[in-house]
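Only one structure is covered here, and it is reproduced in the block below.
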Protein chains: 2
Amino acid sequence: MPSKPAAPITIDAVYAAPGYLFRRMQQIAVSIFMEECKAFDLTPVQYAALIAIHTHPGIDATRLSAVIAFDRSTLGSVIERLQAKDYIERKPAPEDKRIKLLYLTKSGAAILREIIPAVERAQARMLEPLKPADRKALMGLLTQLVDLNNEASRVPLRAEDALEHLGKGG
Amino acid sequence: MPSKPAAPITIDAVYAAPGYLFRRMQQIAVSIFMEECKAFDLTPVQYAALIAIHTHPGIDATRLSAVIAFDRSTLGSVIERLQAKDYIERKPAPEDKRIKLLYLTKSGAAILREIIPAVERAQARMLEPLKPADRKALMGLLTQLVDLNNEASRVPLRAEDALEHLGKGG
DNA sequence: CAAAGATTGTCAGTATGCTGTCAATCTCAA
DNA sequence: TTGAGATTGACAGCATACTGACAATCTTTG
């Protein structure tokens with residue numbers, strides 16, 4: 001069997017490339033999120049960080065990075081901005097002078113409660129153009145793919161890491 | 001029928017949210033692209049821009065933005081970097097002093113030919129963990145979704161715009 | 001205990017991405 | 001033709017992202 005001929009170099013190949021579609025879809029998703037949540041001055045990344053801190057009070061920045069799979073360097077400025085908005089506070093850890101523990105403030109907990117419906121509207125809108133069965137199929141495949149590619153990303157997701165600061169991890 | 005109870009506020013809801021999965025997948029895709037193409041000092045965005053200019057020689061920056069659905073502001077610096085690497089050149093348009101036309105240089109055309117195999121390896125790797133039928137299904141659904149959500153993004157894709165500089169457009 | 005090694009938070013540098021603005025220029029209509 | 005409006009490229013400002021480095025600190029090992 002002869003090898004495939006060289007693909008022509010055209011923009012149409014880009015339109016059909018997985019990487020290009022993932023990028024476009026991400027931009028569309030952010031755009032929809034910001035539109036639905038414009039009353040709340042919170043970005044998708046900041047929202048995810050708040051939720052994670054709410055789920056794991058007293059987590060530190062490095063573990064937070066593993067729990068939401070965001071870059072550690074980037075997370076520094078995200079945390080700064082959340083602190084500037086008075087949604088979180090940082091307390092030094094008594095047993096380790098390097099670590100600063102993260103907690104929601106009352107404001108942070110409140111805005112989280114208030115923004116949830118808008119976030120859910122946004123998430124629903126992203127998939128709305130598809131038929132219900134197709135939505136389910138897409139989410140199933142995407143969940144699989146992200147999970148199976150976990151190690152390929154700079155910051156693999158390590159949900160269990162969140163437990164370590166409680167002394168439960170091995 | 002009673003309304004659904006309020007969803008608990010936990011990180012697990014984030015893990016299953018479409019927006020979060022799109023973000024993670026995009027980051028994984030970029031990571032794989034950069035790994036496969038590390039010999040070539042080209043980012044995914046720069047690659048797409050080069051391909052588009054190759055397909056539409058003499059396109060201007062605004063139309064390029066519509067053709068690859070990248071933000072016009074961002075594209076300015078992308079073009080600058082491609083020019084600094086001597087992959088493209090900009091020529092003033094004779095009939096419109098505002099416009100600068102974009103062309104590939106010989107270097108640009110050469111690197112494009114050379115990088116194609118690496119890009120194709122990268123695109124294949126992104127989907128590799130899935131079974132072939134699932135890859136097809138995912139790409140089909142994603143193509144649909146991006147297309148149907150086209151207007152929801154800041155910069156909707158307008159592939160036809162590329163033809164206007166040839167005097168064929170309406 | 002002391003040295004080697006790992007971890008934590010931070011920073012500098014680069015590259016997207018978006019919002020909003022601006023001057024220069026072009027187009028179109030009155 | 002001229003003045004209103006649109007377009008183009010550029011810029012400032014903010015917010016992710018990634019790379020690589022660093023000092024302070026902690027842990028492990030000899």
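Every chain is numbered from 1, with letters handed out A, B, ... down the list of sequences.
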- request: Mind checking ring-ring contact (aromatic ring centres under 6.0 Å, His included) for A/Phe70 and listing every partner two or more places apart, or none if nothing turns up?
  value: none

message: Does anything in residues 97-109 of chain B form a salt bridge (Lys or Arg N to Asp or Glu O under 4.0 Å)? List the pairs, not counting sequence neighbours.
response: B/Asp96-B/Arg98

- prompt: Given atom CG of B/Leu64 and atom P of D/dA10, what is their separation to the nearest angstrom?
  reply: 13 Å

Euclidean distance, atom CG of residue A/Asp71 to atom P of C/dT10 [Å, nearest integer]: 14 Å

- prompt: side-chain hydrogen bond (donor to acceptor under 3.5 Å, both in side chains) with B/Arg121: which residues, sequence neighbours excluded?
  reply: B/Glu36

- request: Mind running a 4.0 Å heavy-atom check of residues 72-85 of chain A against DNA chain D and sending the residues that fall below it, in number order?
  value: A/Ser73, A/Thr74, A/Val78, A/Arg81

- request: Please collect all salt bridge (Lys or Arg N to Asp or Glu O under 4.0 Å) contacts where either partner lies in residues 75-94 of chain A, sequence neighbours excluded, each pair once.
  value: A/Asp41-A/Lys85

By salt bridge (Lys or Arg N to Asp or Glu O under 4.0 Å) - contacts of A/Asp71 (at least two apart): A/Arg154

message: Could you work out, with side chain to side chain contact (heavy atoms under 4.5 Å, CB included) as the rule, every residue matching B/Ala109, not counting sequence neighbours?
response: B/Leu104, B/Arg113

- request: Take A/Phe40 and A/Val119 through the test side-chain contact (heavy atoms from CB on, under 4.5 Å) and record every step on the way to the result.
  value: CA-CA 10 Å; A/Phe40 299 95; A/Val119 172; over 6 Å; no

- request: Kindly say if B/Arg63 contacts the phosphate of D/dT7, meaning a side-chain N or O under 4.0 Å from OP1 or OP2.
  value: no

- request: Following the transitive rule for hydrophobic clusters with a side-chain heavy-atom cut-off under 4.5 Å over Ile, Leu, Val, Met, Phe, Trp and Tyr, establish whether B/Val14 and A/Val155 coincide in one cluster.
  value: no

- request: Using the test side-chain hydrogen bond (donor to acceptor under 3.5 Å, both in side chains), find all partners of A/Arg135 that sit at least two apart in sequence or belong to another chain.
  value: none

query: Who pairs with B/Ala52 by side chain to side chain contact (heavy atoms under 4.5 Å, CB included), at least two apart in sequence or on another chain?
result: A/Ile11, B/Leu64, B/Val67, B/Ile68

- prompt: By a strict heavy-atom criterion of less than 4.0 Å, which residues belonging to residues 86-99 of chain B are in contact with DNA chain C?
  reply: B/Asp96, B/Lys97, B/Arg98

Integer-rounded Å distance: D/dA10 P and B/Asp60 CG: 11 Å

query: Heavy atom of residues 31-51 of chain A under 4.0 Å from DNA chain C: which residues?
result: none

- line: When A/Lys100 and A/Gln27 are each assigned the nearest nucleotide of DNA chain C, the 5'-most assignment goes to A/Lys100

- prompt: What salt bridge (Lys or Arg N to Asp or Glu O under 4.0 Å) pairs are there with at least one residue in residues 139-148 of chain A, not counting sequence neighbours?
  reply: none

